[in-house]
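Report on the structure given below.
This one's a predicted model, so the numbers in the text were calculated from it and none came from an experiment. Quick note on labels: first sequence line is chain A, next is B, and so on, each numbered from 1.
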2 protein chains.
Amino acid sequence: MAVTLKQIAEKAGVSLTTVSFALRGKQPGKRRLSPITVERILKVADEMGYRPNHVAASLAGKKTYTIGVLVTALRGDFYERVLFGIKKEVYPKFSPVLAVHNYNSGYEKNELENFISKRVDGVIAAFSGHAENIELYREIKEKYNIPIVLLDRRIPGLELPLVRPDHFDTSYQAVNSLFALGHRNITYIGGADNLEYMKLFNQGYQTAMTELGLKDNISVISQSHAHQNQKVLKKFAAQVISAWEQSSPQPTALLVISDWLAYEILGVCQDRGIKVPDDLSVMGLDDCSPSELPTIGLSSVWADQEKVGEIAAKLLLERIENNTGEPTRIILPVHLRMRKTTRPL
Amino acid sequence: MAVTLKQIAEKAGVSLTTVSFALRGKQPGKRRLSPITVERILKVADEMGYRPNHVAASLAGKKTYTIGVLVTALRGDFYERVLFGIKKEVYPKFSPVLAVHNYNSGYEKNELENFISKRVDGVIAAFSGHAENIELYREIKEKYNIPIVLLDRRIPGLELPLVRPDHFDTSYQAVNSLFALGHRNITYIGGADNLEYMKLFNQGYQTAMTELGLKDNISVISQSHAHQNQKVLKKFAAQVISAWEQSSPQPTALLVISDWLAYEILGVCQDRGIKVPDDLSVMGLDDCSPSELPTIGLSSVWADQEKVGEIAAKLLLERIENNTGEPTRIILPVHLRMRKTTRPL
DNA sequence: ATGAAAGCGCTAACAT
DNA sequence: ATGTTAGCGCTTTCAT
């Protein structure tokens, strides 16, 4: 069945060690081998159809060349882009093990334990927010000395490097751009603020409004659970628009925590004959791909998620290779994407 | 650092073997151990914070409890759903290693070799279509005896189990539903037919048209590369509509190979003042999530991709566990989702 | 009911 | 320039 180093060694008339080094090139402990033997070994290995056994190599070498990537969810082309950035950065030296927790504490625990058992060389994770798993993160870091890089949010009590888009500036910029268009009455449609990015969105909104002298116009509508299925979003969207219809003075713009919720709001507007952007401007905050579709054209704020992944991976590799690195915090700039759902007043 | 079986054995005053069995429950070779020792071992292990080392277990046990999942791409909520189905089915016994080839032969080769080196227990793969990798698939199957289940398309010359939605019936049903609405002049907007599903889409269209006595109305517009970025799609969409505008008699309906292309077509129609569905009905074939958005409402054909993943995983597990199973072919039914871009004539 | 011991296939000192 | 050898942390016969 599977060919081993030993078999190659026998066939090539050299020792197993020589084969091991020959096959891996010169990288490790500077052993010098005659090019002629190397060539012979390579040939034999090729003829026999040798495939290295990573499992054995990992056990012996105490390195698995594997990193654990734990994200909150896969849907919605968000962590997909992050994952792509990670893959790009570590390829082909490391391979990522993908895990998803969906904000479920049990899944998160399970996946993290799995990372430990798999002896991954490093972890990139988006913390779920469940405090009961903090000790597990600490164990990974301190007991197992596995480097961790965080995505999007910190873990209270743990000093860990973090990479995320500038959430505060996201809503801050959005409010300012709306202001520049002439809007003064801007309502923020938010989430429960239990996740750090939501809190920052909210703060960015509040700060911008205050700075612009619009403190009295601040108004927030929010719903407890942010990550929901389409049905729940639809219902919430209807509530938002009903509230808007009844309010006076009516806000001229809505700043919406997620593009997918904004799409539903657009739908409700359409049903009720509210013209966007003529009667109402709508703006999302996490530029998802449908926003760019010609029939949607939702104004939103774009973050380079791929770069988030790349940088996280880069930080992780540094830490894996040099066992160094302080808990840096890297906040990436975001960019306005003004499209068709916002207009000058 | 990491606690080992040996350390637990010493602390508990038993042999390493006993610890190994105790920790894994009763499953393997029916060894009987006194509940009292088991309890003590469990307690010690817990106190010491033991985490099993999967790497060592895999090497010794010749099973990695890992399956390789190779898909064509991640974007577009397609393989995402498949992956979800797979995870659901194998959790928590096996963990999937995710690989993506993007129709690139080199990546595919690399990822498959990686699967071998990782000694995965099984493989679920969507073949890229590149013939030069067929031997590698054969090697996995025959030399390494690693079970493989295919997604979406066969591999010429290899008898392997396959799971896919009914691509033929997708376009076949679509044409019939359009016919039922009164449409007779239906154009198919397709791809290069180099992938099996494209060929089947095309055949379903041709067959349905022929059966309905619409042989003379058959018309196909296609473009070589199907999986492109938005810019290319936009351009192709413009060409499609230009062709439509100039044709006479004008088709009343467009059957579009992918929903994302259809969205762009909708955009072009909007720009040129063509009313959908009043002037033209548009229908997609791979129901993606934006189709359901209220402001899009693209009619399409839905396939239960999650179930594709589930079934593929189920077939794979059977083969891993019993080393049995013929090359079954499972074709899942698809369902029409008539929304707002199609209308009765 | 429990242990001892032989690997699994490789890496990395430590020779020569 | 190449070989010998001792593990890595487990699973699994084979004993007792």
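- Scanning for ring-ring contact (aromatic ring centres under 6.0 Å, His included) contacts around B/F94 gives B/Y65, with sequence neighbours left out.
- Legend: residues meeting side chain to side chain donor-acceptor pair (under 3.5 Å) with A/E89, ordered by chain and number and at least two apart, are absent.
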Distances under 3.5 Å between nitrogen or oxygen atoms of protein and nucleotides 6-10 of chain C:
residue : atom : partner : partner atom : Å
C/dC8   : O3'  : B/K62   : NZ           : 3.2
C/dC8   : O2   : B/L59   : O            : 3.4
C/dC8   : O2   : B/A60   : N            : 3.2
C/dG9   : N2   : A/A56   : O            : 3.4
C/dC10  : OP1  : A/Y50   : OH           : 2.5
C/dC10  : OP2  : A/L5    : N            : 2.6

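- Here B/T17 does not reach the OP1 or OP2 of C/dT2: none of its side-chain N or O atoms lies under 4.0 Å away.
- Remark: B/E39 engages no residue in a side chain to side chain donor-acceptor pair (under 3.5 Å) (not counting sequence neighbours).
- Salt-bridge formation is detected for the pair A/E135/A/R138: a Lys NZ or Arg NE/NH1/NH2 atom is positioned less than 4.0 Å from an Asp or Glu carboxylate oxygen.
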Show me the donor-acceptor pairs, under 3.5 Å and distance only, between side chains in residues 311-321 of chain A and residues at least two apart or in other chains.
residue : atom : partner : partner atom : Å
A/R319  : NH1  : A/L315  : O            : 3.1
A/R319  : NH2  : A/E326  : O            : 2.6
A/R319  : NH2  : A/T328  : OG1          : 3.2

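- Less than 4.0 Å separates DNA chain C from at least one heavy atom of each of the following residues of residues 34-41 of chain B: B/S34, B/T37.
- Under the ring-ring contact (aromatic ring centres under 6.0 Å, His included) criterion, B/Y137 pairs with B/F127, sequence neighbours left out.
- Listed by first and then second residue, the side chain to side chain donor-acceptor pair (under 3.5 Å) pairs involving residues 6-21 of chain B are B/S15-B/T18, B/S20-B/R24 (not counting sequence neighbours).
- Taking atom OH of residue A/Y65 and atom P of nucleotide D/dC8, one finds them 19 Å apart after rounding to whole Å.
- Rounded to whole Å, atom C1' of D/dG9 lies 13 Å from atom CD of B/E10.
- Residue A/L23 contributes atom CG, which lies 15 Å from atom P of D/dT2 at whole-angstrom precision.
- Regarding contacts with the backbone of D/dG3, a side-chain N or O of A/S15 is found under 4.0 angstrom from either OP1 or OP2.
- Scored by the side chain to side chain donor-acceptor pair (under 3.5 Å) test, B/T4 finds no partners at all (sequence neighbours excluded).
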